[in-house]
Number of protein chains: 2
Amino acid sequence: MPNNKAKTRKPTSDAVEILHRRSYEGRPARLKNLEEARANEEIARKIQELRAAAALTQTQLAKLIGTTASVICRLEDADYEGHSLAMLRRIAGALNQRVEIRFIPIRRSA
Amino acid sequence: MPNNKAKTRKPTSDAVEILHRRSYEGRPARLKNLEEARANEEIARKIQELRAAAALTQTQLAKLIGTTASVICRLEDADYEGHSLAMLRRIAGALNQRVEIRFIPIRRSA
DNA sequence: TTGCTTATTCGCAATATTGCGAATAAGCTG
DNA sequence: CAGCTTATTCGCAATATTGCGAATAAGCAA
């Protein structure tokens, strides 16, 4: 999969895409990337908070989910962009939590 | 990464793991897998609902996020276990939504 | 039935994430 | 300072997810 960090738009003429663009134009890809970056930061922070709340070291949490400390460290790096649902669930499971996913409508300009 | 569908526990003697097992024993891996299966079903359903609410076909949604209909179909399959945060975000973004992730404590026996 | 649209399934290449050791930094106590 | 624990970074192999076409099924209207 091509990294969607710098996504270019294919020159389509599909009506659906045009409609979508119309409602989408107000939010440039630039902003979208910022939002994603912030979301990743937040996930990293949540993992760290969860681990801290459980009073575990990175090595201890790593053992609980069957991996190594370097992996946990990577997950807690605010710049890491590879967070996966699978990994979040493994961590949640080890800490007696569950991962809830919600789709929330974005209101424009509010 | 070894598929965590049938996860076996390494024979460790780490104190932390022992402590964790103690609080974890009440929820066998069997149940955990069921929970994950249900969570995946729910994600598949949400994607389908979101797409339906936007009145899009699989092909149309696929074009919006730069992929093909077969991929969308796979995501909406209740038995699919490969959901990723990246893909959820792509779909959410195309439909003017954002993905919210929450860690929620599990209360036992309640 | 035909014709058309939509949805589903399969296989495999391409890409992304994870596993994991090693090296190094950072912090903390003596 | 030394010694220890914890955290971070790097590189690459192993595994998982995605891309995507092709074939087929399913639904619906004429």
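A, B, ... follow the sequence lines: proteins, then strands. Residue 1 opens every chain.
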When we call it a touch if two heavy atoms are under 4.0 Å apart, what does B:Thr68 touch: a base, just sugar-phosphate, or nothing? base
The residue, B:Arg74 or B:Ala69, whose nearest nucleotide of DNA chain C is more 5′ is B:Ala69
Contacts of B:Thr57 and B:Asp77 projected onto DNA chain C by closest heavy atom; the upstream (5') one is B:Thr57
Interatomic distance where [atom1] belongs to [X] and [atom2] belongs to [N] [whole Å]:
| X | N | atom1 | atom2 | result |
| --- | --- | --- | --- | --- |
| A:Ile47 | C:dT17 | CD1 | C1' | 14 Å |
| B:Met87 | C:dA14 | CE | P | 18 Å |
| A:Gln58 | C:dC20 | CD | P | 16 Å |
| A:Lys63 | D:dT5 | NZ | C1' | 13 Å |
| B:Asp79 | C:dA7 | CG | C1' | 16 Å |
| B:Ile72 | D:dT18 | CD1 | P | 10 Å |
| A:Ile65 | C:dT17 | CD1 | P | 16 Å |
| B:Leu61 | C:dA7 | CG | C1' | 13 Å |

Nearest non-hydrogen partners of B:Lys46 and A:Arg102, listed with the distance: NZ-CA, 4.2 Å
Work out which heavy atom in A:Ala94 is nearest to a heavy atom in A:Leu64; give both atom names and the distance. CB-CB, 4.1 Å
DNA chain D nearest-nucleotide lookup for B:Leu85 and B:Ser70: closer to the 5′ end is B:Leu85
Distance check: side-chain N/O of [X] vs OP1/OP2 of [N], anything under 4.0 Å?
| X | N | result |
| --- | --- | --- |
| A:Arg90 | C:dG19 | yes |
| A:Ser84 | D:dA16 | no |
| A:Thr67 | C:dG19 | yes |
| A:Tyr80 | D:dT8 | no |
| B:Arg51 | C:dA7 | yes |

Minimum-distance nucleotide to B:Val71 side chain [options: C:dT8, D:dG19, D:dA7]: D:dG19
Are any non-hydrogen side-chain atoms of A:Leu61 and A:Leu50 less than 4.5 angstrom apart? no
Complement of C:dA22, any strand, by Watson-Crick or G-U distances under 3.5 angstrom: D:dT9
pair_partner(C:dA16), Watson-Crick or wobble, both distances < 3.5 Å, evaluates to D:dT15
Check the pair A:Arg45 / A:Glu49 against salt bridge (charged side-chain N to carboxylate O under 4.0 Å, His left out), numbers first and verdict last. CA-CA 6 Å; A:Arg45 190 175 44 78; A:Glu49 285 175 0; 3.0 Å; yes
Going by the side chain to side chain contact (heavy atoms under 4.5 Å, CB included) test, name the single residue among A:Ile47, A:Ile65, A:Ile43 that passes it with A:Met87. A:Ile65
